[in-house]
Amino acid sequence: MPMNNEGKYGHLIMQECILPERLAKPEVVEQYEKFGKRIHWVDNNNIPGAFQMNTSWYKKPNREFSVPGKGVMAPHAHDCAEILGFYGSDPEHPEELNGEIEFHIDGEKHIFTKSTMVFLPAGLPHCPLVINRADRPIFHYSVLMAETYSYLDPVTGEPIAKD
């Protein structure tokens, strides 16, 4: 019986967090880990043929660690659809976020205090994403129906970052 990454289909299994080069820089990891912990990042770079998905635990508010207008926290869009999820970690009350997430969609501010899933059609500007409160860890995921994670300036449509 094959274990983990062995065998015919082992290459389709991920158990380590393999970040894109721009996110794996020590200063970027250190900044992110002030409020969260990435679990996995999968895309065509680390599992050929995969679409992009990443998962994290949010542990603390991030407002004080965020640089306004910088990085993925800045308003941006994608050239394909994206689904985001935010889930509380209380198994007795999974509908409760046990925290507060502020999320902007095309400039419109939304406050999440319940476990939430968001569908963002291609081209729809979104962010910033601000963790105002995390009473318990919040599980977060992002699924982008593309081979790699890239985002566009919502005004010009020009690429900001691409993995």
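None of the values given here were measured: they were computed from a predicted structure.
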Tell me the closest heavy-atom pair linking Asp90 and Glu92, and the distance in Å. OD1-N, 2.9 Å
Could you check whether any side-chain heavy atom of Ile101 comes within less than 4.5 Å of a side-chain heavy atom of Arg133, counting everything from C-beta outward? no
Answer yes or no: is there an ion pair linking Glu30 with Lys34, defined by an N-O contact shorter than 4.0 Å? no
Considering residues, nucleotides and ligands other than Glu16, do more than 12 of their heavy atoms fall under 6.0 Å from its CD? no
Does Leu12 belong to the same Ile/Leu/Val/Met/Phe/Trp/Tyr cluster as Val143, with side-chain heavy atoms less than 4.5 Å apart forming each link? yes
So, Tyr87 versus His140, ring centres under 6.0 angstrom or not? no
How about Ile39 and Ser56: do any of their side-chain heavy atoms sit closer than 4.5 Å? no
Chi angles and distances behind the side chain to side chain contact (heavy atoms under 4.5 Å, CB included) call for Leu129, Phe112: CA-CA 11 Å; Leu129 184 163; Phe112 307 145; over 6 Å; no
Would His126 and His104 count as a close aromatic pair, with their ring centres under 6.0 Å? no
Using side-chain heavy atoms (C-beta onward) and a distance below 4.5 Å, is Asn62 in contact with Lys60? no
Are there over 12 heavy-atom neighbours, none belonging to Phe51, within less than 6.0 Å of that residue's CZ? no
Would you indicate whether Tyr9, at its atom OH, is surrounded by more than 12 heavy atoms from other residues, nucleotides or ligands within a distance under 6.0 Å? no
Please name the pair of heavy atoms, one in Asp106 and one in Leu124, separated by the smallest distance, quoted to 0.1 Å. CB-CD1, 4.0 Å
Are any non-hydrogen side-chain atoms of Phe103 and Cys127 less than 4.5 angstrom apart? yes
For Thr148, does its backbone N or O pair with a side-chain atom of Asn44 as donor and acceptor, under 3.5 Å? no
Check the hydrophobic clustering (I, L, V, M, F, W, Y; side-chain heavy atoms under 4.5 Å; chains of links allowed) and say if Phe119 and Met145 are grouped together. yes
Interatomic distance, Ser89 atom OG to Glu96 atom CD [nearest 0.5 angstrom]: 12.0 Å
Specify the closest pair of heavy atoms between His78 and Ser150, including all atoms of both residues, with the distance to one decimal. ND1-O, 2.7 Å
With side chain to side chain contact (heavy atoms under 4.5 Å, CB included) as the test, would you mind laying out the steps for Leu120 and Leu84 before giving the verdict? CA-CA 8 Å; Leu120 299 165; Leu84 303 174; 3.8 Å; yes
Assigning hydrophobic clusters by single linkage (Ile, Leu, Val, Met, Phe, Trp, Tyr; side-chain heavy-atom cutoff under 4.5 Å), is Val42 placed with Ile13? no
In Å, rounded to the nearest 0.5 Å, how long is the span from CZ of Arg22 to OH of Tyr149? 7.5 Å
For the residue pair Tyr32 and Lys37, what are the closest heavy atoms and their distance? CE2-N, 3.9 Å
Do Ile83 and Tyr141 make a side-chain contact, defined as non-hydrogen atoms from C-beta onward lying under 4.5 Å apart? yes
Answer whether the closest heavy-atom distance between the side chains of Phe86 and Met117 falls below 4.5 Å. no
Any heavy-atom pair between the side chains of Trp57 and Ile138 that's under 4.5 Å? no
Could you give the distance from CD (Gln52) to CG (Asn45), rounded to the nearest 0.5 Å? 10.0 Å
For Gly88 and Ser115, the nearest pair of non-hydrogen atoms, with its separation, is N-OG, 3.1 Å
Where do Phe139 and Tyr58 land on the side chain to side chain contact (heavy atoms under 4.5 Å, CB included) test, with the steps shown first? CA-CA 6 Å; Phe139 178 73; Tyr58 290 156; over 6 Å; no
Show your reasoning for whether side chain to side chain contact (heavy atoms under 4.5 Å, CB included) applies to Val29 and Leu19. CA-CA 10 Å; Val29 171; Leu19 294 172; 4.1 Å; yes
Count the heavy atoms belonging to other residues, nucleotides or ligands that lie under 6.0 Å from CD of Glu100, then report whether that count exceeds 12. yes
Sub-4.5 Å side-chain heavy-atom contact between His110 and Ile105: yes
Can you measure from NE2 (His11) to CD (Glu6) and round to the nearest 0.5 angstrom? 14.0 Å
Side-chain donor-acceptor pair present, Ser142, Glu82, cut-off under 3.5 Å: yes
